[in-house]
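Model, not experiment: these values are computed from the prediction. We number each residue from 1, following the sequence as shown.
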Amino acid sequence: LFISLSATAQKKVSQYVNPFIGTGGHGHTFPGATVPFGMVQLSPDTRIDGSWDGCSGYHYSDSIIYGFSHTHLSGTGCSDFGDIMLMPMTGNGSIEKEKYSAQFSHKKEKASAGYYSVDLNNGIKAELTSTTRVGIHKYTFPKKDNANIILDLTHRDETVSSYVKITGDKTIEG
């Protein structure tokens, strides 16, 4: 009986988590998916310039998402991380930020403990979640156009060394 009550109490507490708290003003937080002591913090990147207010990679006042990266710092006041950024896009693939970025509305954005989703204005739905060591992305593309995923390793900090190798029809290593 005690175990059952404990599990119920934990579920109820998580419903009060609001990942958007601190994402505006000078809060320096991000609304993405992470777990306690996790190695990844998946979240959208609305600022890639390293600015003070956007140092977590996200600022609530923004309306453009440049991608979804795997590492973010929350509440630090200094810009760092933002590594391994992925961005879904339709049409012809492009590595130009102006072409692969997408507008979004906060009305179509959701975040809860360990989960983030947004419907981008280009018709793509992005969903993020994480485990202790893995970030999981799910993109739902419109059926009418080509689907592409951009991998940008150089959008924020200097990349010292990297490589990408296609190892199969559905696998990439790097």
Side-chain angles (χ1 to χ4, degrees), residues 2-48 53-89 100-141 147 149-153 155-157 170-174:
F2 178 76
I3 293 171
S4 174
L5 291 174
S6 176
T8 303
Q10 287 177 348
K11 287 182 185 177
K12 288 182 181 178
V13 171
S14 67
Q15 74 183 358
Y16 299 109
V17 174
N18 181 354
F20 290 108
I21 292 174
T23 60
H26 302 305
H28 308 289
T29 64
F30 63 89
T34 189
V35 298
F37 309 108
M39 292 177 64
V40 294
Q41 306 83 30
L42 268 66
S43 192
D45 289 298
T46 64
R47 296 210 181 163
I48 54 175
D53 275 338
C55 64
S56 70
Y58 180 95
H59 198 272
Y60 196 81
S61 65
D62 296 332
S63 61
I64 295 175
I65 291 178
Y66 292 95
F68 303 94
S69 61
H70 281 234
T71 57
H72 292 83
L73 292 176
S74 211
T76 62
C78 66
S79 181
D80 200 6
F81 291 162
D83 302 319
I84 311 174
M85 188 175 78
L86 299 169
M87 183 61 178
M89 70 174 292
Y100 69 70
S101 60
Q103 291 187 336
F104 74 103
S105 167
H106 294 297
K107 293 176 184 175
K108 295 184 179 183
E109 184 181 38
K110 297 177 186 169
S112 59
Y115 177 78
Y116 174 87
S117 74
V118 64
D119 292 330
L120 301 171
N121 287 2
N122 60 12
I124 298 171
K125 179 175 184 150
E127 297 176 271
L128 309 174
T129 191
S130 63
T131 68
T132 304
R133 292 183 177 81
V134 175
I136 300 166
H137 298 240
K138 178 182 179 183
Y139 303 126
T140 305
F141 293 90
I149 298 176
I150 304 301
L151 171 63
D152 188 343
L153 301 175
H155 72 281
R156 249 177 105 144
D157 296 329
K170 297 180 181 180
T171 57
I172 299 173
E173 140 187 332

Quick one: side-chain contact (heavy atoms from CB on, under 4.5 Å) partners of [X], sequence neighbours excluded?
| X | value |
| --- | --- |
| Leu86 | His70, His137, Tyr139, Ile149, Leu151 |
| Thr132 | Val35 |
| Thr29 | Thr23, Ser74 |

Item checked: Student check: side-chain heavy atoms of Pro31 and Ser43 closer than 4.5 Å ->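 Sidechains of Ser43 and Pro31: in contact.
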
Margin query: In the structure I gave you, are the side-chain heavy atoms of Met87 and Asp45 within less than 4.5 Å of one another anywhere?
Written below: no

Please tabulate, for side-chain N and O atoms in residues 119-127, each donor-acceptor pair with protein atoms closer than 3.5 Å (sequence neighbours left out).
{"residue": "Asn122", "atom": "OD1", "partner": "Ile124", "partner atom": "N", "Å": "3.1"}
{"residue": "Glu127", "atom": "OE2", "partner": "Tyr115", "partner atom": "OH", "Å": "2.6"}

Check: So Tyr58 and His106, would you call those rings parallel, tilted or perpendicular, with 30° and 60° as cut-offs?
Finding: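 Geometry flag for His106 against Tyr58: perpendicular rings.
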
Look up atom [atom1] in [X] and atom [atom2] in [Y], then write down how far apart they are to the nearest 0.5 Å.
| X | Y | atom1 | atom2 | result |
| --- | --- | --- | --- | --- |
| Tyr60 | Thr46 | OH | OG1 | 11.5 Å |
| Leu42 | Leu128 | CG | CG | 5.0 Å |
| Ser56 | Gln41 | OG | CD | 11.5 Å |
| His72 | His28 | NE2 | NE2 | 14.5 Å |
| Tyr66 | Asp152 | OH | CG | 12.0 Å |
| Ser101 | Met89 | OG | CE | 9.0 Å |

Closest non-hydrogen atom pair, [X] against [Y]:
| X | Y | answer |
| --- | --- | --- |
| Pro19 | Ala113 | CG-N, 4.4 Å |
| Ile65 | Pro44 | CD1-CB, 3.9 Å |
| Ala111 | Phe20 | CB-CE1, 3.5 Å |

Check: With sequence neighbours excluded, what pairs up with Phe141 under the ring pair (Phe, Tyr, Trp, His ring centres under 6.0 Å) test?
Finding: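 Listed in chain order: nothing, the list is empty.
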
Item checked: Any pair counted as salt bridge (Lys or Arg N to Asp or Glu O under 4.0 Å), so long as it reaches residues 16-44, sequence neighbours left out -> none

